Number of protein chains: 2
Amino acid sequence: MYHIDQRSPVPVYEQLARQIERHIVSGDLADGQKLPSIRELASTLRINPNTVVKTYRQLENEGLVSSRKGLGIFVSILGMDLEGSRDSLFAELTDEYVRKAAGLGMEGDQIVQGLTRRLKGEN
Amino acid sequence: MYHIDQRSPVPVYEQLARQIERHIVSGDLADGQKLPSIRELASTLRINPNTVVKTYRQLENEGLVSSRKGLGIFVSILGMDLEGSRDSLFAELTDEYVRKAAGLGMEGDQIVQGLTRRLKGEN
DNA sequence: ATTACTGTACTATAATAGTAATACAGTGGA
DNA sequence: TCCACTGTATTACTATTATAGTACAGTAAT
């Protein structure tokens, strides 16, 4: 379901939070839907339960999920501008991509060409 | 010259190393060229000299630079396949970009469209 | 009530990241 | 020689990240 790279300099709880955030904003996880329990997700991903707690707490602070003791963690996006959030996140991704590619000396045409080739090769 | 985001979960020494790596692989920094001294770069970026040391040491371990005591840190890419490295790094960037955008529910066409719009808007 | 889930809280430990300050050694120019 | 730069090394301290283990409290089905 989710993929954690232990060698990444990005903290595990952060990797996980960003992945879940994208799943929620994409509509893949609907409002009210229950997320995996802390212990279950920790077991599946082979990480510490405390790390999952940190991930869920961060998502809760961002207003994406809400927790109910004894029940679980649930997607909570009432009245959120999902499409706006999605566009915003995508714009951030694109900015980062362009900035790094530019650092490699790539021109706009080359970037688009490389991306297109990558998409044709996989999909 | 280089930009450091202190709030990023990515360690400062890692951000800096990746940026310098891209500048070297792009050919922007030629072989034998001298990099800023440890103290100078630390002062400019307002980070600790030890952090710059860590960055330079990592680049040295990757074989991109070599240090000479009393002289400085120099780009050292004799016989390296720069173009291959550049393509490889760009492929990694593209993979990450596509994977994250896909997590947002974006289709290939939408990704290319969004990227194109971003490039036309800025350049 | 018992059981098995759920989230929450707490302590402890270890490794990493970053800052701070100091000292030492090599290089080259005045 | 002296001076100002260079990289290198060391110690100390703080905060963050991650793991580990234990305990407590709420929910629901039996």
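These figures come from a predicted structure and were not determined experimentally. Naming convention: chains lettered A, B, ... in sequence-line order (proteins, then strands); numbering from 1 in each chain.
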All N/O contacts under 3.5 Å from nucleotides 13-15 of chain D to the protein, with atom names and distances to one decimal?
none

Pick out the pairs of N or O atoms, protein on one side and nucleotides 12-18 of chain C on the other, that lie under 3.5 Å.
unit_1  : atom_1 : unit_2   : atom_2 : d
dA17(C) : OP1    : Tyr13(B) : OH     : 2.9
dA17(C) : OP2    : Lys54(B) : NZ     : 2.9
dG18(C) : OP1    : Val12(B) : N      : 2.4
dG18(C) : OP2    : Val12(B) : N      : 3.4

Give me the distances for all protein-to-nucleotides 23-27 of chain C N/O pairs that come in under 3.5 Å?
unit_1  : atom_1 : unit_2   : atom_2 : d
dG26(C) : N2     : Gly70(B) : O      : 3.4

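Residue pairs meeting the ring-ring contact (aromatic ring centres under 6.0 Å, His included) criterion with at least one member in residues 17-57 of chain B, sequence neighbours excluded: Tyr2(B)-His23(B).
Within the structure, a side-chain polar atom (N or O) of Ser67(A) is placed less than 4.0 Å from OP1 or OP2 of dT8(C).
Atom P of nucleotide dC5(D) and atom CG of Leu41(B) are separated by 17 Å, given to the nearest angstrom. Taking atom CG of residue Leu16(A) and atom P of nucleotide dA18(D), one finds them 10 Å apart after rounding to whole Å. In this structure, Lys34(A) atom NZ and dT27(D) atom P are separated by 15 Å, rounded to whole Å. Between Arg57(A) atom CZ and dT17(D) atom P there is a gap of 13 Å when expressed in whole angstrom units. If you measure from atom CG of Leu35(A) to atom C1' of dT6(C), you get 13 Å, rounded to the nearest angstrom. One interatomic measurement links the two molecules: CD of Glu40(A) to P of dC5(C), which rounds to 11 Å at whole-angstrom precision.
Inter-residue side-chain proximity for Ile77(B) and Leu64(B) is flagged as met; some heavy-atom pair is nearer than 4.5 Å. Using a 4.5 Å heavy-atom threshold, the side chains of Thr94(B) and Val98(B) count as touching. At least one side-chain heavy atom of Leu16(A) sits less than 4.5 Å from a side-chain heavy atom of Ile47(A). The closest side-chain heavy-atom distance from Val53(A) to Tyr13(A) is not below 4.5 Å. Between Gln15(A) and His3(A), every side-chain heavy-atom pair lies at or beyond the 4.5 Å cut-off.
Residues Val52(A) and Val10(A) do not share a hydrophobic cluster, defined by chaining ILVMFWY side chains whose heavy atoms lie under 4.5 Å apart. Linking Ile, Leu, Val, Met, Phe, Trp and Tyr residues whenever their side-chain heavy atoms come within less than 4.5 Å leaves Leu82(B) and Leu104(A) in two separate clusters.
Between Glu21(A) and Arg18(A) there is a salt bridge, since a side-chain N of the basic residue sits under 4.0 Å from a carboxylate O of the acidic one. Using a cut-off of 4.0 Å between Lys/Arg side-chain N and Asp/Glu carboxylate O, Arg86(A) and Glu83(A) are scored as not salt-bridged.
Here the side chain of Ile38(A) is nearest to one of dT6(C), dG7(C), dT6(D), namely dG7(C).
With sequence neighbours excluded, the residues that form a side chain to side chain donor-acceptor pair (under 3.5 Å) with Asn50(A) are Asn48(A).
Counting non-hydrogen atoms of other residues, nucleotides and ligands closer than 6.0 Å to CD of Glu96(A) gives a total above 12.
Axis angle between the ends of the helix from dA1(C)-dT30(D) to dA30(C)-dT1(D), five pairs each and rounded to 10 degrees, works out to 10°.
Put simply, the side chain of Ser26(B) never gets that close to the backbone of Gly105(A): no donor and acceptor are under 3.5 Å apart.
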